[in-house]
Amino acid sequence: MAELIPAPFPHLLRRMLREAEREQKIFDLPARRFWRGSEDLDTSVTIHGHRAANPAGPAAGPHGQMAQNILLCWLAGARFIELKTVQANDRLAIPRPCIDMETVGYNVEWSQELRLAESLREYVKGSMLIDVARATGLLGRPDDPCRDDTILDLSVGYDLAGVRSAAVRSWIASMKDAGEEVEALRREIPDDLGRLRDLSFRTALSDQVTLSTFHGCPADEIEAMALFLMQEIGLDVTVKLNPTLLGKGAVDALLHDTLGYRDVETRAEDFEKDLQWEQALEMADRLSERARALGRELRLKLSNTLVVRNHRRLFPPGEAVMYLSGPPLHVITLHLVERFRRARPEVPLSFSAGVDNRNFADCVALGLAPVTVCTDLLKPGGYSRLPKYLENLEERMRGLGVRTIGDYVAAAALDPAAAVARATADPRYRAGSLRPPRKIGRRLALFDCINCDKCVPVCPNGANFVYEVEPTLIEYVDYRVEGGEAVPVAGRQLVVRERHQIGTFQDFCNDCGNCDTFCPEDGGPYLEKPRFFGSLAAWRRQAHRDGLFVSKRDGAELVWGRLGGVSYRLEVDRDADQAVFTDECVTLELRHRERTPVGASVAPDTPDGHTLDVGVFLKLAVLLDGVLDPRRVNPVNV
Ligand code: SF4
Ligand code: SF4
């Protein structure tokens with residue numbers, strides 16, 4: 001399994017500031033897609049007593065996992081950021097690929113893939129990056145609480161023992177008061193960015209949590225967890241409920257008969273074991289009362305994903321179930337909202353299910369807040385899809401002549417039953433409206449592709465990036481060992497046609513598979529394009545993967561490369577125009593600019609017939625020149 005490796009804080013800071021200055025983008029999100037808010041409107045909402053400048057944000061999932069993801073959400077407009085769920089068991093083995101966005105939206109991913117200590121640091125880094133973006137005016141306007149106030153929402157799971165564990169308690173305490181972590185990261189700010197050390201970074205990161213439970217978690221355990229978090233830990237709590245609450249008959253009728261998802265199969269046991277309708281109402285009553293007595297607020301979140309049988313081919317066949325999101329879940333969850341509203345109109349609800357730019361304003365008009373999203377942000381455009389949600393909301397507010405969200409909800413006067421009926425009848429939520437991404441029947445290779453760049457924004461972690469090379473057509477010879485000498489043999493050719501190339505920063509890639517789904521070519525960018533590791537240790541640890549680690553030492557550029565499972569090393573001294581390339585058996589000296597060999601030597605005991613693939617040298621040299629070009633900022637040259 002690929003391991004996510006957080007980037008050092010100085011790298012993240014340098015990258016965001018350099019990219020903003022040189023290329024008017026941050027982590028590949030163009031500045032023109034940043035959400036800047038409108039001075040004439042107040043889109044803020046209050047959640048658990050805190051103000052968020054708007055109700056939009058990522059649901060706990062892949063967009064709230066790494067520090068750069070958190071910043072990207074914020075730049076695109078998220079002001080309620082649900083951080084990815086943490087749990088006591090922080091050593092999960094997650095099947096890969098884990099995201100299937102071909103049509104509906106399924107996943108088998110789970111909670112935070114980082115260790116608890118790493119996720120704490122990552123979330124604090126994310127918060128500090130937001131503070132830097134605010135303070136340095138990276139949005140292109142002065143810091144403004146009306147448009148920038150942001151809630152970070154914790155998400156913990158999944159059972160009572162885990163939530164009560166010392167590890168999770170201590171983790172929550174460190175998120176409530178992250179002063180120590182902030183100071184440690186402040187000390188890491190390098191001298192060239194020393195001006196940032198004096199910033200007043202936020203330390204009270206969060207005092208609210210969304211509780212996530214196992215599918216099938218008993219009702220009394222859910223309640224006990226919520227009570228524990230409220231009473232013992234002192235948090236405001238949102239309890240996330242499952243769409244199974246609607247009942248198998250109703251869910252199946254909607255899925256199969258109304259929406260046409262006849263291939264999607266639910267399992268009776270998942271409905272039987274999950275929280276039942278009456279239990280949910282009683283639990284909401286008791287928890288609301290307890291919250292009031294404690295001076296806190298209880299919210300419910302509708303809904304979690306829907307557990308269904310794994311009937312598709314993307315996930316490993318050993319996975320019996322997968323989790324459905326996207327368009328069908330939107331309709332199912334709206335039905336749940338309407339039913340809940342009738343039963344308990346006073347309970348505040350947050351919403352997450354198939355949200356996109358066309359239904360976000362309706363969700364807000366229903367008084368739902370926050371309204372969070374995951375599936376839609378995994379589609380082409382990625383984070384840059386979010387600003388349109390808010391622009392559409394702002395347009396609706398202006399159309400109704402209102403300034404605040406409260407007035408918008410009142411003026412829109414959207415009847416939940418009417419909203420449900422409209423969505424249920426809307427063809428865009430039906431099976432027939434979903435088309436898989438187009439494939440063109442061509443296979444990816446290390447260099448060159450149709451350069452659609454879809455793989456860059458669809459990666460939630462910002463792992464894929466663009467770099468540029470000099471197009472090349474070069475003849476070369478390999479060197480074969482004969483009688484202890486390296487002898488040139490049989491000419492070959494390397495052709496790199498395009499200037500524009502794609503690479504993957506391996507430390508940020510968890511093999512989720514999403515870029516493969518949307519790439520028009522076959523093979524998967526994360527598998528076929530060059531992978532750059534962030535450290536030599538990571539390159540060595542993941543010896544089963546081809547890839548490179550690039551570093552600089554004493555004026556020389558060093559590349560540790562693995563191609564076709566064989567390890568190579570390249571050292572380039574640009575001032576002297578010298579390159580040394582070796583597979584540890586044969587070492588070749590070359591003039592770097594012209595790529596011409598000037599000498600070869602053979603290590604003792606190298607058997608006759610061993611051949612040094614000079615094509616690898618050429619590939620590494622092209623890659624090195626490309627990724628180290630300072631004109632385009634990327635995770636390697638930062
Ligand atoms: S790797 Fe695929 S998705 Fe990425 S730019 Fe090339 S063709 Fe497009
Ligand atoms: S590079 Fe592709 S497979 Fe890797 S994390 Fe990004 S989207 Fe997922």
Side-chain angles (χ1 to χ4, degrees), residues 1-7 27-29 58 61-69 72 84 94-102 105-110 112-114 122 314-316 374-385 436-469 496-534 538 542 545-547 623 626 632 634-636:
M1 184 173 110
E3 49 172 331
L4 284 176
I5 303 174
F27 294 109
D28 286 312
L29 181 70
H63 300 97
Q65 177 150 257
M66 308 285 282
Q68 69 272 16
N69 308 20
L72 280 162
K84 196 161 189 188
I94 293 169
R96 308 290 184 193
C98 57
I99 296 175
D100 175 0
M101 284 296 304
E102 197 180 65
Y106 299 103
N107 76 81
V108 288
E109 61 145 29
W110 209 17
Q112 207 7 307
E113 289 161 40
L114 303 172
E122 210 53 13
L314 190 85
F315 303 134
C374 177
T375 304
D376 189 55
L377 300 187
L378 291 165
K379 293 180 182 168
Y383 294 92
S384 76
R385 298 171 76 90
R438 192 174 68 97
K439 293 281 180 185
I440 59 170
R442 210 172 90 168
R443 191 166 179 89
L444 288 173
L446 196 68
F447 295 111
D448 297 336
C449 60
I450 61 166
N451 281 338
C452 66
D453 284 0
K454 282 186 183 153
C455 54
V456 177
V458 298
C459 175
N461 302 326
N464 292 325
F465 64 96
V466 169
Y467 64 99
E468 288 190 353
V469 302
V496 181
R497 291 193 174 80
E498 306 290 338
R499 184 173 293 279
H500 186 99
Q501 300 287 343
I502 298 291
T504 301
F505 189 56
Q506 181 61 46
D507 288 13
F508 290 172
C509 173
N510 61 357
D511 291 356
C512 76
N514 200 43
C515 56
D516 185 15
T517 299
F518 290 103
C519 175
E521 300 199 29
D522 298 324
Y526 73 112
L527 296 172
E528 300 295 336
K529 291 297 172 189
R531 292 195 199 105
F532 295 87
F533 288 84
Q542 299 188 50
R545 289 172 180 272
D546 280 2
L623 288 168
R632 286 198 84 124
N634 62 55
V636 183

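When a ligand or atom number is given, it counts from 1 through the structure's own listing order.
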> Which ligand 2 atoms does A463 reach within 4.0 Å, using its non-hydrogen atoms?
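Selected atoms, number and element: 1 (S).
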> In ligand 1, which numbered atoms sit nearer than 4.0 Å to a non-hydrogen atom of I450?
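Matching atoms, with element in brackets: 7 (S).
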> Examine C519 and say whether one of its N/O/S atoms is closer to atom 2 (Fe) of ligand 1 than 2.8 Å.
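Checking C519: at least one N, O or S atom is under 2.8 Å.
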> Under a 4.0 Å heavy-atom limit, does C515 contact ligand 2 with its side chain, its backbone, both, or neither?
both
> Can you tell which of D448, I440, D453 gets a heavy atom nearest to atom 5 (S) of ligand 1?
D453
> Give the atom numbers and elements of ligand 2 that come within less than 4.0 Å of a heavy atom of N461.
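This gives 5 (S) as the contact atoms.
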> So that I can tick it off, tell me whether E468 and R499 are bridged by a salt bridge, with the cut-off set at under 4.0 angstrom between side-chain N and carboxylate O.
no
> Strictly distance-based, threshold 3.5 Å: is any side-chain N or O of Q65 a donor or acceptor partner for the main-chain N or O of N461?
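Such a contact is absent between Q65 side chain and N461 backbone.
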> For ligand 1, which part of N451 has a heavy atom less than 4.0 Å away: the side chain, the backbone, both, or neither?
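The part of N451 near ligand 1 is the backbone, not the side chain.
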> Which atoms from ligand 2 have a heavy atom of C509 less than 4.0 Å away?
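Atoms satisfying the 4.0 Å criterion: 1 (S), 3 (S), 4 (Fe), 5 (S).
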> Can you name the atoms of ligand 2, numbered from 1 with element, that are less than 4.0 Å from a heavy atom of G513?
3 (S), 8 (Fe)
> When you check the gap from the basic side-chain N to the acidic O, do K84 and E109 get nearer than 4.0 Å?
yes
> Show which atoms of ligand 2 fall inside a sub-4.0 Å distance from at least one heavy-atom site of C459.
1 (S), 5 (S), 6 (Fe), 7 (S)
> Would you mind listing which atoms of ligand 2 come within a distance below 4.0 Å of any non-hydrogen atom of N510?
5 (S)
> What protein heavy atom is closest to atom 6 (Fe) of ligand 1, reported as residue, atom name and distance in Å?
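The closest one turns out to be C449 SG, 2.3 Å.
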> Have a look at C455, P380, P437 and point out the one with the heavy atom closest to atom 4 (Fe) of ligand 1.
C455
> If the cut-off is 2.8 Å, does any N/O/S atom of C452 fall short of it from atom 8 (Fe) of ligand 1?
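Of the N, O and S atoms in C452, at least one lies under 2.8 Å from atom 8 (Fe) of ligand 1, which means yes.
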